[in-house]
Amino acid sequence: MSRGRNWTRALADGDVSDVVPSVITADATLGGDVARLIAVVPDPRSPYHRARRGEVGLREGLALAEAVTEVVTGDAHLPDDRRRPIVAVVDVPSQAYGRVEEVLGIHHALAVAVDAYARARTAGHPLITLIVGTALSGGFLAHGAQAGQILALDDPGVVVHAMHRKAAARVTRRTVDELDELARRIPPLSYDVTDWAKLGLCDGLLDVENAGDPTGGDVGKVRDALTAAVERARRGPRDLSNRLTSPAARRTRAASRRVHEALAAQWR
């Protein structure tokens, strides 16, 4: 099951297309806009075996950039307030880990995707992320993290983090149980989406009936939330400053705010 595919199909006005088998796109009406949906999905037949379960790999990074750039180029003649929203539908377990990926330059492929998303946002396209499953590591950095507005389903299957539990345990030389105990006191270490939502990065935590296979009511609720997010993105800044100025960030990211202010003062 691919939550990214299921939600893209559910939200789409019509057919779903693919740039490559693992990157799909569709159009969805959101209020007075027709948004472009983009999702990374599993491709069991991918020639890159490390990218068969929905990971963002070499092909995926380049295909994401192609999909985003197609929208930006197509709308370049339009006034800023009429440029199409872009919605990244996110369910990615990670970037693709593998010797082939490292040798062929996965860092370049993912950087191209990040650059395309950032260019779209600064060009006036409302860039929204909808997290419907996992959003982990470099996969999320390449597909979703550049959005001006980030929404997530309030569901145990939704996880937003820098790395998987077992990998984090190896890196920190702790057990998984020890990390879970720390997470109860330190929200950034938690794998609970409700804790992540307190860090100032989440612009809406959405309660749905079936996160894996959305009902009609779920689709309507999420469509309304996306429409509102598009309006907020159009009114808000084109940079990502809202992640440090939101009410949640003011409560939980005091250290980040102080570091940012110190760096800005030195830069000036």
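No experiment lies behind these values; they were computed from the predicted model shown.
Of all heavy-atom pairs between Arg223 and Ala28, the closest is NH1-CB, 4.3 Å. Heavy atoms only, all atoms of each residue included: Val176 and Arg165 are closest at CG1-CD, 3.8 Å. In terms of heavy atoms, Arg234 sits closest to Pro126 at CG-CG, 3.6 Å. Here the shortest heavy-atom pairing between Ala248 and Ala197 reads CB-O, 4.4 Å. Listed here is the closest heavy atom pair of Arg59 and Ser46: NH2-OG, 3.9 Å. Nearest heavy-atom pair across Thr8 and Ala39 is OG1-CB, 3.4 Å.
Rounded to the nearest 0.5 angstrom, Arg50 CZ and Leu58 CG are separated by 13.0 Å. Interatomic distance, CZ of Arg173 versus CD of Glu178, reported as 13.5 Å (0.5 Å rounding). Distance check: Asp18 CG to Thr25 OG1 gives 8.0 Å after rounding to the nearest 0.5 Å. Remark: Thr69 OG1 to Leu62 CG distance equals 10.5 Å, nearest 0.5 Å. Considering CZ of Arg9 and CG of Asp213, their distance stands at 11.0 Å, rounded to 0.5 Å.
Using a 3.5 Å distance cut-off with no hydrogens or angles, the side chains of Asp91 and Thr134 do pair a donor with an acceptor. Side-chain N/O atoms of Ser241 and Asp239 include a donor and acceptor closer than 3.5 Å. Under 3.5 Å, the side chains of Asp192 and Thr194 contain a donor-acceptor pair of N or O atoms. A side-chain donor from one of Thr215 and Asp218 sits under 3.5 Å from a side-chain acceptor of the other. Using a 3.5 Å distance cut-off with no hydrogens or angles, the side chains of Ser22 and Tyr48 do not pair a donor with an acceptor.
The closest side-chain heavy-atom distance from His125 to Arg36 is not below 4.5 Å. Taking 4.5 Å as the limit, some side-chain heavy atom of Leu240 sits within range of a side-chain heavy atom of Gln146. Proximity of Arg174 to Leu182: side-chain heavy atoms (C-beta onward) are separated by under 4.5 Å at one or more points. Counting heavy atoms from C-beta on, the side chains of His49 and Arg52 come closer than 4.5 Å. Within the 4.5 Å cutoff, no side-chain heavy atoms of Ile24 are placed close to those of Val89. Residues Val208 and Pro214 fail the side-chain proximity criterion, which asks for heavy atoms closer than 4.5 Å. With a 4.5 Å cut-off on side-chain heavy atoms, Arg45 and Pro21 do not count as touching. With a 4.5 Å cut-off on side-chain heavy atoms, Val92 and Leu136 do not count as touching.
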Can Arg253 and Leu201 be said to form a side-chain contact (heavy atoms from CB on, under 4.5 Å), step by step? CA-CA 10 Å; Arg253 304 189 68 196; Leu201 307 176; 3.6 Å; yes
Could you walk me through whether Leu30 and Val87 pass the side-chain contact (heavy atoms from CB on, under 4.5 Å) check? CA-CA 11 Å; Leu30 301 176; Val87 178; 4.2 Å; yes
Would you please test Asp80 and Arg238 for salt bridge (charged side-chain N to carboxylate O under 4.0 Å, His left out) and show each step? CA-CA 11 Å; Asp80 288 5; Arg238 293 189 184 180; 2.6 Å; yes
Would you please test Asp33 and Arg82 for salt bridge (charged side-chain N to carboxylate O under 4.0 Å, His left out) and show each step? CA-CA 8 Å; Asp33 292 292; Arg82 296 313 309 155; 3.8 Å; yes
Walk me through whether Glu55 and Glu60 qualify under side-chain contact (heavy atoms from CB on, under 4.5 Å). CA-CA 8 Å; Glu55 297 88 349; Glu60 291 73 28; over 6 Å; no
side-chain contact (heavy atoms from CB on, under 4.5 Å) for Leu11 and Leu130? Distances and angles first, verdict last. CA-CA 11 Å; Leu11 291 166; Leu130 174 64; 3.9 Å; yes
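Under the 4.5 Å side-chain heavy-atom criterion for Ile, Leu, Val, Met, Phe, Trp and Tyr, Val20 and Val112 are members of distinct hydrophobic clusters. Taken together through direct or relayed side-chain contacts under 4.5 Å among Ile, Leu, Val, Met, Phe, Trp and Tyr, Leu64 and Val41 form parts of separate hydrophobic clusters. If you chain together hydrophobic residues whose side chains sit under 4.5 Å apart, Leu151 and Val230 fall into the same group. A continuous path of hydrophobic side-chain contacts links Leu110 to Val19 [ILVMFWY only; heavy atoms under 4.5 Å]. Residues Ile150 and Val159 are members of separate hydrophobic clusters, defined by side-chain heavy-atom contacts under 4.5 angstrom among Ile, Leu, Val, Met, Phe, Trp and Tyr.
In this pair, Tyr191 and His161 present their aromatic rings parallel. The plane angle is below 30°, not in the 30 to 60° band.
A salt bridge is defined here as a Lys NZ or Arg NE, NH1 or NH2 lying under 4.0 Å from an Asp or Glu carboxylate O, and Arg3 with Asp155 meets this definition. Salt bridge status for Asp115 with Arg119: present, with a side-chain N to carboxylate O gap under 4.0 Å. Between Lys221 and Asp224, no side-chain nitrogen of the basic residue sits less than 4.0 Å from a carboxylate oxygen of the acidic one, so the salt-bridge criterion is not met.
Looking at Asn242, Ile128, Thr129 one by one, the single match for side chain to side chain contact (heavy atoms under 4.5 Å, CB included) with Asp203 turns out to be Asn242.
Counting non-hydrogen atoms of neighbouring residues, nucleotides and ligands closer than 6.0 angstrom, the CG atom of Asp81 exceeds 12 such neighbours.
Checking side-chain atoms of Trp7 against main-chain N and O of Val90 turns up no donor-acceptor pair under 3.5 Å. No donor-acceptor pair under 3.5 Å is formed between the side chain of Asp27 and the backbone N or O of Val34. Side-chain atoms of Asp75 do not come within 3.5 Å of backbone N or O of Leu78 as any donor-acceptor pair. Under a 3.5 Å cut-off, the side chain of Thr252 and the backbone N or O of Lys198 do form a donor-acceptor pair.
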